Every structure is written in structure tokens, then in C-alpha cells.
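First up is the structure itself, then whatever we jot down about it.
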Amino acid sequence: MGSSKTVRKLEVVSPVPADIDIANGVEPLHIADIAADLNLSPRYYDLYGKFKAKVLLSVLDEFQQSQDGYYVVVGVLLQPRSGKGNLLLLLVVTCLRQPSQGPTFGIKGGAAGGGYSQVIPMDEFNLHLTGDIHAITAANNLLAAAIDTRVFHEATQSDKALFNRLCPPNKEGKRTFCDIMFRRLKKLGIDKTNPDDLTPEEVNKFARLDIDPDSITWRRVMDVNDRFLRKITVGQGPDEKGMVRETGFDISVASEIMAVLALTNNLADMREKLGKMVIGNSKAGEPITADDLGLGGALTVLMKDAINPTLMQTLEGTPVLVHAGPFANIAHGNSSIVADKIALKLVGPGGFVVTEAGFGSDIGTEKFMNIKCRYSGLTPQCAIVVATVRALKMHGGGPQVVAGKPLDRAYLTENVSLVEAGCVNLARHISNTKAYGTNVVVAINMFSSDTEAELNAVKKAAMDAGAFDAVICTHHAHGGKGAVDLGIAVQKACENVTQPLRFLYPLDISIKEKIEAIARSYGAAGVEYTEQQARVLESPNLHGKNSISFSDNAAAKGAPSGFILPIRDVRASIGAGFIYPLVGTMSTMPGLPTRPCFFDIDLDTTTGKVIGLS
């Protein structure tokens with residue numbers, strides 16, 4: 001498999017210390033050393049301090065003729081919501097999503113890994129990183145401001161006044177269209193290049209977007225959990241002349257701009273996707289885009305640095321590319337296409353790129369295959385399904401797991417029958433993933449309370465379900481040493497691919513048929529729509545499910561089947577390139593618990609190091 005020249009041998013202790021203590025106890029290598037191991041020339045990255053660098057997309061031009069390495073996607077079972085243990089497989093280059101600050105200060109904590117399997121500097125990874133999420137927040141909110149402002153100005157001005165302000169005459173009295181205006185003119189079927197040649201009817205169509213305030217779907221965002229911003233009223237100031245409407249805030253990573261960033265292939269592609277984002281409809285029912293508002297170019301300017309992935313490192317000095325962080329329940333939940341493409345070129349033939357599919361191997365891996373791989377043209381050779389004894393006990397009928405509360409004794413003592421009962425869930429994950437033609441390796445993350453009998457039960461169930469291999473992993477407690485057997489299994493799986501990539505559905509079938517194909521893979525017997533929802537299903541991609549269970553019922557564990565999947569709502573991310581139905585209740589702005597993580601977070605003012613971050 002090859003290894004980095006800079007791999008650091010960890011000095012592990014037991015019991016495993018707190019994540020932040022482990023991270024603070026390791027001095028990161030200069031990021032230039034990590035880049036050198038990848039044969040990445042300094043002209044292809046910009047330093048962000050000593051331990052982070054932005055990798056420039058121009059590196060793809062340099063390595064255009066190079067062959068790709070092996071491509072591995074990692075998904076997880078739906079875990080009990082306390083504690084950690086998701087896989088951070090440290091093989092050559094790992095590609096991860098950037099975490100939101102909301103959960104970091106809320107209840108879940110950070111997302112840099114855990115124990116001796118972490119990305120460092122852990123505090124920088126979990127907080128501002130290189131500012132990508134802040135750029136998304138700024139771009140998103142600029143668009144939100146432009147929407148309300150345009151509605152305001154159109155309500156208070158005549159067509160002539162609007163046109164005069166949009167295309168003001170210069171000192172010589174000549175008007176001109178700026179470049180972005182030609183996009184709207186083309187959309188309207190107006191082929192004139194001189195503003196003075198427009199007829200009064202054309203002036204009206206060009207200058208007046210006539211946005212229906214009730215149709216506006218674009219919301220403001222911030223990267224903080226704040227439940228009291230879920231529903232707000234804007235325009236209450238005296239200068240807004242009664243232009244009041246209800247709206248709300250989402251968390252920044254729920255912005256469509258985040259999904260665009262993750263699914264873009266290059267800068268030009270991002271520019272087009274940002275301009276095509278739909279914010280609502282006109283009163284005549286026509287979709288209004290960011291380009292209609294004149295904003296596509298400005299959004300791209302705000303995002304021009306965010307498109308470059310951030311190079312970091314693990315505790316052992318292996319390279320990590322961190323980029324994008326879209327939700328998986330309302331977007332596709334995967335790290336970026338450009339990060340994966342860069343990593344595959346950098347590792348080259350025989351190297352390995354391990355990329356993350358969030359929110360479970362059912363929802364995350366499904367979208368990885370059907371959305372991300374379709375847009376990227378990349379094909380994975382292996383898919384890893386991460387399982388734990390605790391998660392399988394939950395799916396076998398174990399007591400409810402409540403975030404922030406101690407685990408029930410059932411999860412800490414041996415109960416092989418409970419594990420075996422839950423393995424039906426693991427079997428469904430394996431069969432779903434194998435359906436794409438990809439070899440499946442099950443990584444069983446071991447906790448100290450797991451017994452040999454329980455672990456063997458999981459291994460047997462995985463192999464019986466058709467996994468290529470099933471391996472017990474202890475990387476949380478032992479770092480890379482604890483995942484050596486997993487690495488060997490993944491290498492064999494990649495070298496023994498016998499089938500091409502198969503998508504769950506073709507693109508030339510109806511949206512309803514695509515929904516049903518996805519629903520059947522979850523075990524549904526059918527899908528139920530309202531009349532209104534059935535009418536709006538007219539876009540090429542559609543994805544959605546509850547993020548806790550295979551079904552729409554979050555309480556339904558195991559592998560439920562035979563249920564009817566009710567579609568509660570249908571929403572569009574036209575710029576990013578998909579539509580998604582909602583089942584169950586999905587919050588796009590999390591709230592804070594009674595006892596958030598921020599109680600534990602502080603700064604050692606003597607050393608300058610962050611403490612208490614989880």
C-alpha cells in the first residue's frame with residue numbers, strides 16, 4: 001500500500017485519554033512536509049499557517065495524464081447517539097467533510113475522529129479551518145439580502161425607474177448591459193444588446209422579477225445552533241415600508257451553496273451552478289435564479305478560495321484533504337468531488353483514497369453512488385461499512401439511546417442474542433451496497449466492553465450477508481496499528497473487483513420511478529404522495545429519507561420492510577443538481593441542549609491551547 005515518509009509512531013496509553021488531550025500532545029508536522037510526501041510542489045498550494053494549506057485546482061492540470069489510485073468510500077451504520085467510533089481510515093489520503101461549528105459547541109462535539117485516529121490540529125479542524133463555511137455563510141446571506149431588497153425596490157418603483165437604476169446612462173448618455181444581464185436577456189428570449197432598443201414590454205420583463213414573497217425558499221444561515229431563529233419575521237423596520245414576511249435561518253452547512261461546492265468539478269462549473277440556484281418563483285410561476293438577481297458572479301468571487309480543498313494531517317502524519325460539509329438528509333452528505341479527484345491523482349496507481357459518505361451507509365453511500373459518482377465520473381473499487389456491537393444491539397431491540405445520557409447497561413454487558421437480532425440491519429446495508437457492483441468490507445469498530453462472542457457474531461453475520469471480508473478494528477485505541485488488518489482487506493477488495501459500477505436507477509425514467517427505486521432499497525412496499533407533490537416532481541434527481549432509520553419512522557430499527565413511505569414535502573436544489581423529498585421531520589437548524597459541549601471548552605491562556613473540545 002505504501003506509506004508516508006513522515007509517518008509518526010504513536011505512543012498510545014490505556015485507557016484512551018480525551019480526544020483533545022491526545023491531539024494537543026502531538027506536535028503536527030509542517031504541512032509542507034506532508035505536501036512533499038505527495039510530490040505536491042509549493043506552486044500548487046497556499047499555506048494557511050504552519051499546519052494547513054489550500055491545494056489549488058491547477059494541480060489537476062499538472063497530473064491530468066496520471067492514472068488514478070484506488071477509490072474507497074466509507075459509510076457507517078446508524079450509531080447510538082452517544083460516544084464516537086466512526087472510521088477514520090488512514091491509508092495514503094483520506095478525504096473528509098469539514099464539520100460545522102454548530103454540533104461542535106452543541107451536543108455531538110467535533111468530527112476530527114476520536115482517540116488515536118484523528119485529524120490535527122483538532123481544534124482548527126473543528127472550528128474556523130480555512131474559512132470555507134464562513135465564505136458560504138457570506139455568499140448565502142448576500143443572496144438573501146438581494147432577494148428582499150429586490151422585492152422592496154420593485155414594490156416602490158415604476159418600470160422606468162427600475163430600468164434607469166439597473167442600466168444607468170454614462171456621462172455621454174449611453175446605457176450598457178453588464179455581462180450578467182445578458183444571461184437574463186437570453187432567458188427571456190431578448191437578443192438585443194443595446195438597452196435603449198428594448199420596448200416598454202421588454203423593459204418590464206427585464207427589470208421586474210416580480211418575485212412572489214410567499215414562494216421564496218432561500219433562507220439566511222449561520223454556523224451556530226440557534227433554535228430561536230428557525231422562524232423569524234423580517235422587514236419590521238420603519239424604513240422597509242411594511243414589507244414584512246416570515247422566513248428563518250438554517251445552519252450554514254444546510255445551504256445549497258455548500259452542496260454546490262461539494263458537487264462542482266471546477267471553477268467554471270461552480271459559477272454555472274451558483275447562477276442557476278432557484279430562490280423562488282415570480283407571481284406568474286417562473287423560477288427566479290441567482291443570475292436573474294445579478295448575483296452569480298459575486299457569489300463565485302466570495303467562493304473562489306473555498307473551492308480549493310484544505311490539506312491537513314492525521315496524528316501519524318498521513319495526509320488528509322478536508323473539503324465541503326453538506327448535510328446528508330437534505331443534500332448528499334459527501335466530501336467534495338474536487339478533493340477526491342486531486343487525491344486520486346496524487347496517490348497514483350496502487351495508492352488509495354478513502355472518502356467519507358456521511359449519515360450512514362444507506363443514505364450517505366447511496367447518494368455517493370447515485371449523485372456524486374454520476375457527476376464526477378469516478379468509480380469506487382471498495383465500500384466500507386462501519387459497524388459497532390452497540391449499534392447492532394440498538395437495532396436488535398436494545399433500550400433507547402439518548403444523546404448526552406449514559407448508555408444503558410445492555411450496551412455495556414455481553415448479550416449475543418441482541419447483537420444477532422440487530423445484524424439484520426447490517427445485512428441490509430451490505431446487500432444495498434453490493435447492489436452497486438462494489439466489494440464490501442465491514443469494519444467492526446471495537447469498544448472495550450465488546451466481548452469476543454459478540455464480535456464473532458458480527459463477523460459471521462457480515463460474511464453470511466455477502467461481505468468481501470469483515471475485520472475487527474481498534475484504531476481508536478491503537479491508531480493505524482489497529483486498522484492494519486482492515487487495510488489489507490481493503491487492498492484485496494480493490495484488487496479483486498469483478499463488476500462495473502451499477503446505479504440504483506437510470507436517468508431516463510420518471511421521478512416517481514426513481515423515488516420508488518430508492519424507497520424499495522430501504523424496504524418500502526410503495527410510496528405515497530399528496531396531489532401537489534405529485535405535480536412538482538419534474539427534475540432529474542431526487543433523494544430523501546429519515547436520517548435515523550431505513551423507513552420514515554425514526555423509531556423503526558433493524559431492517560423494516562413492507563411499509564409505505566409517505567413524502568411530506570418536496571424541495572429543490574436546482575443549482576446543485578437534485579431535488580429531494582422529505583419524510584419524517586427534518587430540522588435544518590439544530591438547537592442547543594440543556595448541557596451543551598461549550599461548557600467544557602476553554603483556552604489555556606498560558607499555552608494558548610484549546611481545552612475541552614470533544
Side-chain angles (χ1 to χ4, degrees), residues 46 54 56-57 128 130-154 157 162-168 170 175-188 193 195 206-211 216-223 234 247 249-250 252-282 286-308 323-326 331 336 338 572-577:
D46 290 334
K54 279 282 195 178
L56 307 179
L57 298 194
H128 305 287
T130 48
D132 293 357
I133 292 180
H134 298 317
I136 289 165
T137 302
N140 184 100
N141 292 344
L142 176 61
L143 180 51
I147 295 164
D148 286 312
T149 301
R150 187 61 174 262
V151 172
F152 171 81
H153 287 308
E154 289 190 16
Q157 298 180 51
L162 279 171
F163 187 64
N164 285 340
R165 287 178 170 86
L166 289 169
C167 299
N170 59 22
R175 302 177 191 272
T176 57
F177 292 120
C178 61
D179 288 346
I180 198 169
M181 291 178 176
F182 288 107
R183 293 174 180 252
R184 175 152 179 81
L185 290 168
K186 182 178 180 181
K187 177 180 176 179
L188 295 172
T193 59
F206 169 76
R208 195 168 292 281
L209 301 182
D210 202 25
I211 298 170
I216 297 172
T217 56
W218 197 264
R219 291 155 60 95
R220 289 162 173 82
V221 300
M222 63 189 306
D223 199 31
V234 296
T247 180
F249 273 77
D250 295 330
S252 294
V253 292
S255 171
E256 183 177 351
I257 296 176
M258 176 64 88
V260 166
L261 177 65
L263 287 173
T264 195
N265 279 287
N266 51 56
L267 197 57
D269 184 38
M270 184 173 73
R271 168 62 184 88
E272 293 305 310
K273 283 180 164 65
L274 290 172
K276 290 177 181 177
M277 294 186 303
V278 173
I279 58 89
N281 297 326
S282 70
E286 294 297 320
I288 304 298
T289 68
D291 271 345
D292 287 327
L293 285 154
L295 211 59
L299 298 179
T300 307
V301 169
L302 286 170
M303 294 293 294
K304 70 180 180 64
D305 294 323
I307 196 174
N308 299 313
H323 202 212
S336 78
V338 294
S573 291
I574 301 301

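None of these values were measured; they are calculated from a predicted model. Computation of the quantities below employed the complete heavy-atom set of this structure, encompassing side-chain atoms and omitting hydrogens, waters and symmetry-equivalent molecules.
A 4.5 Å side-chain heavy-atom check between R165 and H153 finds every atom pair outside the cut-off. Using a 4.5 Å heavy-atom cutoff, the side chains of M181 and L166 are in contact. Between N170 and T176 there is no side-chain heavy-atom pair separated by less than 4.5 Å. R220 places none of its side-chain heavy atoms less than 4.5 Å from the side chain of L143. Using a 4.5 Å heavy-atom threshold, the side chains of F206 and C167 count as touching. Side-chain contact check for M277 versus T289: every heavy-atom pair is 4.5 Å or farther apart.
Distance CG/N140 to CE/M303: 10.0 Å, rounded to 0.5 Å.
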Salt bridge (Lys or Arg N to Asp or Glu O under 4.0 Å) between R184 and D291, intermediate numbers included: CA-CA 7 Å; R184 175 152 179 81; D291 271 345; over 6 Å; no
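The two atoms that bring G280 and T217 nearest to each other are N-OG1, 4.3 Å, heavy atoms only. Across every non-hydrogen atom of I211 and L293, the tightest pair is CD1-CD2, 4.4 Å. Of all the heavy atoms in I180 and G296, the pair that sits closest is CD1-N, 3.5 Å. The two atoms that bring N281 and I288 nearest to each other are C-CG1, 3.9 Å, heavy atoms only. Closest non-hydrogen pair, W218 versus T247, comes out as O-OG1, 4.3 Å. Heavy atoms only, all atoms of each residue included: E154 and L209 are closest at OE2-N, 2.7 Å.
With respect to the salt-bridge test (charged N to carboxylate O, under 4.0 angstrom), the residues R150 and D210 do not qualify. Salt-bridge formation is detected for the pair E272/R183: a Lys NZ or Arg NE/NH1/NH2 atom is positioned less than 4.0 Å from an Asp or Glu carboxylate oxygen.
Using modelled atom types, no side-chain atom of N141 and backbone atom of A144 make a donor-acceptor pair closer than 3.5 Å. Formation of a donor-acceptor pair under 3.5 Å by the H323 side chain with backbone atoms of D132 is not found in this model. Checked by atom type and distance alone, the side chain of K54 pairs as donor or acceptor with a backbone atom of N308 at under 3.5 Å.
No more than 12 heavy atoms of other residues, nucleotides or ligands lie within 6.0 Å of NZ in K276, so this atom counts as exposed by the packing criterion.
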